[in-house]
Each structure stands twice: as structure tokens, then as C-alpha cells.
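These notes concern the structure reproduced below.
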Amino acid sequence: MRPLPRSFYDHDSRLLAPLLLNKVLVVGERRARIVEVEAYRGAEDPASHAYRGPTRRNAVMFGPPGHLYVYFSYGVHWCANVVCGEPAAGHAVLLRAGAPLAGLDAMRAARPAARRDRDLCSGPGKLCQALGLTGTDDGADLVAPTPGGPWLGDDGTPPPAEPGVSVRIGITRAAEHPWRWFVAGEPNVSR
DNA sequence: CTTTGGATCGTCT
DNA sequence: GACGATCCAAAGG
């Protein structure tokens with residue numbers, strides 16, 4: 001398995017998000033299949049961190065596609081996004097949940113609160129904690145990863161023909177848009 | 001199983 | 001100085 005090419009990320013976040021389902025997120029020896037995502041749309045999306053233009057925090061979203069935007073949420077957790085679309089468009093796809101594939105022991109050690117394996121990666125904060133993603137990974141290049149750094153690959157599993165769709169979770173502004181996609185029936189999708 | 005409230009801090013107003 | 005793209009433990013049914 002090799003990193004997906006830069007061209008894969010050169011799309012509007014609403015188009016790319018469902019294509020990310022069933023792709024594999026790799027961090028060192030830990031691997032998880034992406035089963036839930038949300039699209040955020042920069043200046044056209046009041047819920048996006050990029051809505052009001054570039055700041056220190058969101059700078060990565062205004063760079064080239066195929067990089068990781070990692071931010072600190074609620075003073076407690078890290079959340080990871082894939083930057084996509086036209087450079088400087090501020091588009092990104094939030095990685096909301098994954099199915100553990102490899103490195104399960106490391107994930108369990110990183111998430112002692114998880115009682116069952118389905119609790120390891122079933123949320124944006126949980127996914128980052130299980131895979132060890134933090135602020136040091138903000139800006140990481142998913143196309144040309146550093147040793148042990150994060151990247152995305154395709155193991156031959158296609159995206160679902162009919163993914164589940166719903167409104168986005170946990171936001172207050174622009175909450176009406178159906179820009180969340182997930183693998184229907186998959187037990188690792190967040191609640 | 002569902003609901004509720006606390007934790008905790010970087011970021012932007 | 002207020003708030004947030006969340007998680008978890010505790011309590012109640």
C-alpha cells in the first residue's frame with residue numbers, strides 16, 4: 001500500500017469526503033479504516049474554522065491539499081482533518097471515526113478508557129488519541145509522509161456504494177447541511 | 001440504554 | 001472573557 005497521490009485531494013470537500021470512506025489511515029504501525037467523515041467548506045461555511053479567513057491556528061487549511069490539519073478541541077482532545085480542494089480555498093474533511101486494523105495493542109495502551117475495541121476510534125478525539133496524532137502532526141504531508149508520520153492509503157476496499165448521510169454533529173452554525181457521511185451499519189461509527 | 005454535567009485551554013473578539 | 005467540529009463518568013430508568 002502506498003500514499004494516495006496529491007491529485008486525489010484536489011476536490012471540493014463535499015465530493016472528497018465520501019471517497020475517503022474505507023481508505024486506511026496509517027501512523028507508524030497503527031492502522032484504522034476511515035468509516036465516518038464530515039465536509040467543511042471554508043469561506044462558504046460558517047461552521048468551518050476557515051470561515052473568517054487565515055489565522056495562526058488554521059493556516060494549514062490555506063495551504064496545498066493533501067496535508068493534515070490538527071486542532072485542539074475543548075481543551076482536552078485533538079481532531080484531525082484532511083485539507084483538500086483548490087489551494088487557499090480552506091476546504092477540509094474531518095476524520096470522525098475509524099475501524100481499528102493494526103497496532104491494536106498500542107491503541108489500547110493509548111486509550112485506557114476504552115472498554116471495548118469499538119470504543120478505540122469511534123469519534124474524532126478518540127481516533128487521534130488511539131493513533132497518537134497531536135499538534136505536532138499539524139501540517140503533515142499525507143502524500144510524502146515522514147518516517148512514522150501519518151498518511152492515507154487504499155487497500156483495495158472501495159467506498160460504500162450507498163454511504164449513510166446526515167447533518168454534521170456537534171456544531172451550532174450552518175447545522176442544516178447534510179455533510180456527514182459514514183459506512184452504514186459499521187460498529188465503529190460514532191454515536 | 002439514555003441523559004446530564006464537568007473537565008480544560010487555545011483561540012479569537 | 002466567552003466559547004468550542006468532544007469525551008467520559010455518574011446517575012436514573
Side-chain angles (χ1 to χ4, degrees), chain A residues 9 12-21 23 25 32 34-63 65 67-85 89-100 107-140 142 150 152 163-183 185 187-191:
Chain A
Y9 300 99
D12 183 293
S13 56
R14 289 174 299 182
L15 184 62
L16 179 67
L19 298 179
L20 282 169
L21 293 175
K23 293 295 183 288
L25 174 61
I34 302 301
V35 298
E36 179 182 349
V37 295
E38 283 177 359
Y40 287 86
R41 310 197 57 250
E44 300 172 37
D45 180 6
S48 170
H49 288 173
Y51 181 58
R52 299 181 185 280
T55 66
R56 184 166 208 134
R57 174 175 67 160
N58 67 22
V60 173
M61 278 201 280
F62 291 90
H67 289 249
L68 203 63
Y69 165 53
V70 183
Y71 72 94
F72 197 45
S73 178
Y74 288 92
V76 181
H77 290 102
W78 296 98
C79 295
N81 301 251
V82 174
V83 177
C84 64
H91 278 216
V93 177
L94 172 67
L95 303 180
R96 278 198 59 90
M107 292 185 189
R108 296 186 190 107
R111 285 191 39 70
R115 291 179 165 275
R116 306 161 300 181
D117 285 349
R118 73 173 49 171
D119 298 321
L120 287 173
C121 304
S122 55
K126 299 176 189 178
L127 181 64
C128 284
Q129 191 178 14
L131 295 185
L133 294 174
T134 68
T136 63
D137 297 294
D138 186 38
L142 300 170
L152 282 169
V165 184
S166 82
V167 296
R168 296 177 291 183
I169 294 177
I171 59 172
T172 54
R173 295 169 304 191
E176 71 278 14
H177 300 298
W179 292 344
R180 168 177 177 258
W181 290 266
F182 55 96
V183 180
N188 293 277
V189 172
S190 72
R191 301 216 60 238

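The figures here come from the full heavy-atom set of this structure, side chains too, leaving out hydrogens, waters and symmetry mates. So you know, we letter chains A, B, ... as the sequences are listed, proteins then strands, and number each from 1.
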Checklist entry - Can Tyr71(A) be called stacked on dA5(C) when the rule is centres closer than 5.5 Å and an angle between planes below 30°? => result no
Checklist entry - Within the pair Arg56(A) and dC12(B), is there a side-chain N or O less than 4.0 Å away from OP1 or OP2? => result no
Item to check | Touch class at under 4.0 angstrom, heavy-atom based, for Arg173(A) against every strand present | outcome: nothing
Next on the checklist: Let me confirm one number: the CG-CG distance from Leu68(A) to Leu152(A), rounded to the nearest 0.5 Å.
Outcome noted: 8.0 Å
Item to check | Touch class at under 4.0 angstrom, heavy-atom based, for Arg57(A) against every strand present | outcome: sugar-phosphate
Next on the checklist: Just the rounded figure in Å: distance from C1' of dG4(C) to CG of Leu94(A).
Outcome noted: 13 Å
Checklist outcome for this item: Taking dA9(C), dC12(B), dC7(C) as options, the one with an atom nearest any side-chain atom of Arg111(A) is dC7(C)
Item to check | Value in whole Å for how far the C1' atom of dA5(C) lies from CG of Leu95(A) | outcome: 12 Å
Item to check | From CA spacing to verdict: ring-ring contact (aromatic ring centres under 6.0 Å, His included), Tyr71(A), His49(A) | outcome: CA-CA 10 Å; Tyr71(A) 72 94; His49(A) 288 173; 4.6 Å; yes
Checklist entry - Do any side-chain nitrogens or oxygens of Arg191(A) fall under 4.0 Å of OP1 or OP2 in dC7(C)? => result no
Checklist outcome for this item: Of the candidates dT6(C), dA9(C), dA5(C), the side chain of His77(A) sits closest to dT6(C)
Item to check | Separation of dC8(C) C1' from Lys126(A) NZ (nearest whole Å) | outcome: 9 Å
Checklist entry - Under 4.5 Å between any side-chain heavy atoms of Ser190(A) and Ile169(A), yes or no? => result yes
Next on the checklist: Output the rounded distance in Å from CG (Leu133(A)) to P (dT6(C)).
Outcome noted: 16 Å
Checklist entry - Would you say Arg180(A)'s side chain and Ser166(A)'s backbone share a donor-acceptor pair under 3.5 angstrom? => result no
Checklist outcome for this item: In this structure, CG of Leu20(A) is separated from CZ of Arg96(A) (nearest 0.5 Å) by 14.5 Å
Next on the checklist: Is Phe72(A) stacked against the base of dG10(B), taking the criterion as centroid distance under 5.5 angstrom and interplanar angle under 30°?
Outcome noted: no
Next on the checklist: Side chain of Thr55(A), heavy atoms from C-beta onward: which of dT11(B), dT6(C), dT13(B) has the nearest atom to it?
Outcome noted: dT11(B)
Item to check | Touch class at under 4.0 angstrom, heavy-atom based, for Ala113(A) against every strand present | outcome: sugar-phosphate
Checklist entry - In Watson-Crick or G-U wobble terms, both distances under 3.5 Å, what is the partner of dC7(C)? => result dG6(B)
Checklist entry - What's the closest nucleotide to the Pro124(A) side chain, out of dA7(B), dC7(C), dA5(C)? => result dC7(C)
Checklist entry - Please give, in whole Å, the distance from dT13(B) C1' to Asn58(A) CG? => result 15 Å
Next on the checklist: Could you tell me the Watson-Crick or G-U partner of dC1(B), where both distances fall under 3.5 Å? Say none if there is no partner.
Outcome noted: dG12(C)
Item to check | Atom-to-atom span, OH of Tyr74(A) to C1' of dC9(B) - whole angstrom | outcome: 13 Å
Next on the checklist: I want to verify a distance call: between dA7(B), dA5(C), dC8(C), whose nearest atom is closest to the Val76(A) side chain?
Outcome noted: dA7(B)
Next on the checklist: Measuring from atom CG of Leu21(A) to atom CZ of Phe182(A), what distance do you get when rounded to the nearest 0.5 angstrom?
Outcome noted: 9.5 Å
Item to check | Spacing between Tyr51(A) atom OH and dT13(B) atom P, to the nearest angstrom | outcome: 12 Å
Item to check | Gap between atoms CG and P, on Asp138(A) and dG10(B) respectively (whole Å) | outcome: 15 Å
Next on the checklist: If you assign each of Thr172(A) and Arg115(A) to its closest nucleotide in DNA chain C, which residue comes earlier from the 5' end?
Outcome noted: Thr172(A)
